[in-house]
Amino acid sequence: MKKFLTCLLVLAMVLSLAACGGNDSSSSGDTSGTDDSQTAGDTSGTDDSQTAGDTSGSGDSNDDGNTDGTYTTVTEGKLVMSTNASFPPYEMVDESGNIIGIDAEIAAALAEKLGLELEIIDIDFDSALLAVQEGRSDMVLAGLSYREDRDEVMDFSTSYATGVQVVIVPDGSDIEDNDGLDGKMIGVQRGTTGHIYASDTPENGGYGEEHVLAYDNGALAVQAMINGQIDAVIIDNGPAQEYVKANPGIHILEGNWVLEDYCLAVNEGNSALLEVLNSALEELIENGTVQEIIDKYITAEQ
């Protein structure tokens, strides 16, 4: 029913979970967001800006672009990642207020390879994409999937995971499969590909904007469904599994609503940084590090 998306230099890694992104906006939800800069894996501090592991070092950072063949970073000696940390198990906040998850650990491994200190900025999804485009972060990792419109303003890496989007419904719903969503009210996370696809016209495989409500994160969409405000939620399989575990009385429909590939992205034209990130990412894929990180958060039972 939906089209498959691929990233530049796609390395297929068949694992469940789906993708994010876009700049469309439908109706509401809680519009509040956070702007905390934190790091992955460091549970010791409470400062707004922390670092992940021992990744000290320096990258070349200057105001002259990449004319000398070296890569630049927003802040000298740091690799700044923007994300929306409400997308478990890819990015989430632990009990100590630190950002953890698959993307956070991959970012920490990339920073270590480059000899840089990782800084994570936690903001809403659309703003995470804009942060890269506006030069406030070096890269975005946020369960991000490739789209041609995004490729016009950002450059994408090799794919590091395959994502699956699914449909969540309440127990006892008359929606029995993925083909039963026509005419229903559907909740999505604002800016994700689920939002974009579902809001499209029926002729293009969507349900129309009037049948889609966008929320700042998946948890708000799921709560709205539990409250009876919407009929179903379209979201990536990883978060969907977590929401179902945490909320009795809801379940995931069988089958995949759409498949996509996850990538990181840098600002359009930042080819030197993309090259070193891609090289490091491909090494982490080849030596099994990425798979180990994914397996840590996604069990076979899921």
Side-chain angles (χ1 to χ4, degrees), residues 1-6 14-22 24-30 86-90 125 143-147 161-262 298-302:
M1 177 176 69
K2 299 292 187 300
K3 48 186 176 288
F4 287 78
L5 302 179
T6 56
V14 180
L15 260 152
S16 74
L17 282 105
C20 282
D24 284 4
S25 72
S26 290
S27 14
S28 47
D30 183 352
S86 59
F87 194 69
Y90 278 80
F125 184 77
L144 178 68
S145 61
Y146 176 85
R147 282 178 56 89
T162 299
V164 179
Q165 290 191 50
V166 295
V167 178
I168 309 174
V169 297
D171 293 351
S173 170
D174 63 353
I175 303 172
E176 298 180 351
D177 55 42
N178 292 330
D179 294 326
L181 294 173
D182 290 340
K184 303 296 186 180
M185 287 303 302
I186 302 160
V188 296
Q189 181 177 350
R190 180 177 288 105
T192 61
T193 48
H195 179 190
I196 294 167
Y197 297 157
S199 300
D200 208 342
T201 63
E203 292 78 13
N204 290 332
Y207 309 107
E209 292 184 359
E210 67 275 16
H211 289 286
V212 177
L213 286 174
Y215 298 84
D216 283 350
N217 56 60
L220 291 174
V222 169
Q223 189 59 55
M225 182 185 69
I226 293 171
N227 294 341
Q229 297 167 294
I230 55 177
D231 300 305
V233 172
I234 292 173
I235 198 165
D236 298 62
N237 185 54
Q241 296 281 353
E242 299 298 324
Y243 296 141
V244 167
K245 286 179 184 176
N247 297 280
I250 64 176
H251 66 277
I252 299 170
L253 295 178
E254 290 187 10
N256 304 328
W257 191 73
V258 73
L259 287 173
E260 301 172 298
D261 287 318
Y262 284 149
I298 303 174
T299 63
E301 288 74 21
Q302 292 181 320

Checklist entry - Any donor and acceptor pair, going by atom type alone, linking the side chain of N217 with main-chain N or O of A219 inside 3.5 Å? => result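 Flag set: sc N217 to bb A219 pair under 3.5 Å.
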Heavy-atom pair of closest approach, residues [X] and [Y]:
X    : Y    : result
G208 : P202 : N-CD, 4.3 Å
V212 : S199 : CG1-OG, 3.6 Å
A221 : G187 : CB-C, 4.4 Å
Q189 : H195 : O-CB, 3.5 Å
A232 : V169 : CB-CG1, 3.8 Å
V188 : A198 : CG1-CB, 4.4 Å

Item to check | Non-neighbouring partners of S173 that pass side-chain hydrogen bond (donor to acceptor under 3.5 Å, both in side chains), sequence neighbours left out | outcome: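 For S173 there are no side-chain hydrogen bond (donor to acceptor under 3.5 Å, both in side chains) partners, ignoring immediate neighbours.
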Checklist entry - Could you walk me through whether F125 and F87 pass the side chain to side chain contact (heavy atoms under 4.5 Å, CB included) check? => result CA-CA 10 Å; F125 184 77; F87 194 69; over 6 Å; no
Taking side chain as C-beta onward, heavy atoms only, is [X] less than 4.5 Å from [Y]?
X    : Y    : value
K184 : D174 : yes
R147 : I196 : yes
Y243 : P88  : yes
W257 : L181 : yes

Residues forming a side chain to side chain contact (heavy atoms under 4.5 Å, CB included) with [X], sequence neighbours excluded:
X    : value
D177 : D179
D182 : Y207
A240 : V166, I168, I235, I252

Can you tell me how far [atom2] of [Y] sits from [atom1] of [X], rounded to the nearest 0.5 angstrom?
X    : Y    : atom1 : atom2 : answer
T192 : I234 : OG1   : CD1   : 9.0 Å
H251 : D171 : NE2   : CG    : 6.0 Å
I226 : N247 : CD1   : CG    : 4.0 Å
H211 : I230 : NE2   : CD1   : 14.0 Å

Next on the checklist: Tell me which pairs pass salt bridge (Lys or Arg N to Asp or Glu O under 4.0 Å) where either residue lies in residues 246-256, with sequence neighbours left out.
Outcome noted: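 Matches after skipping sequence neighbours: none remain.
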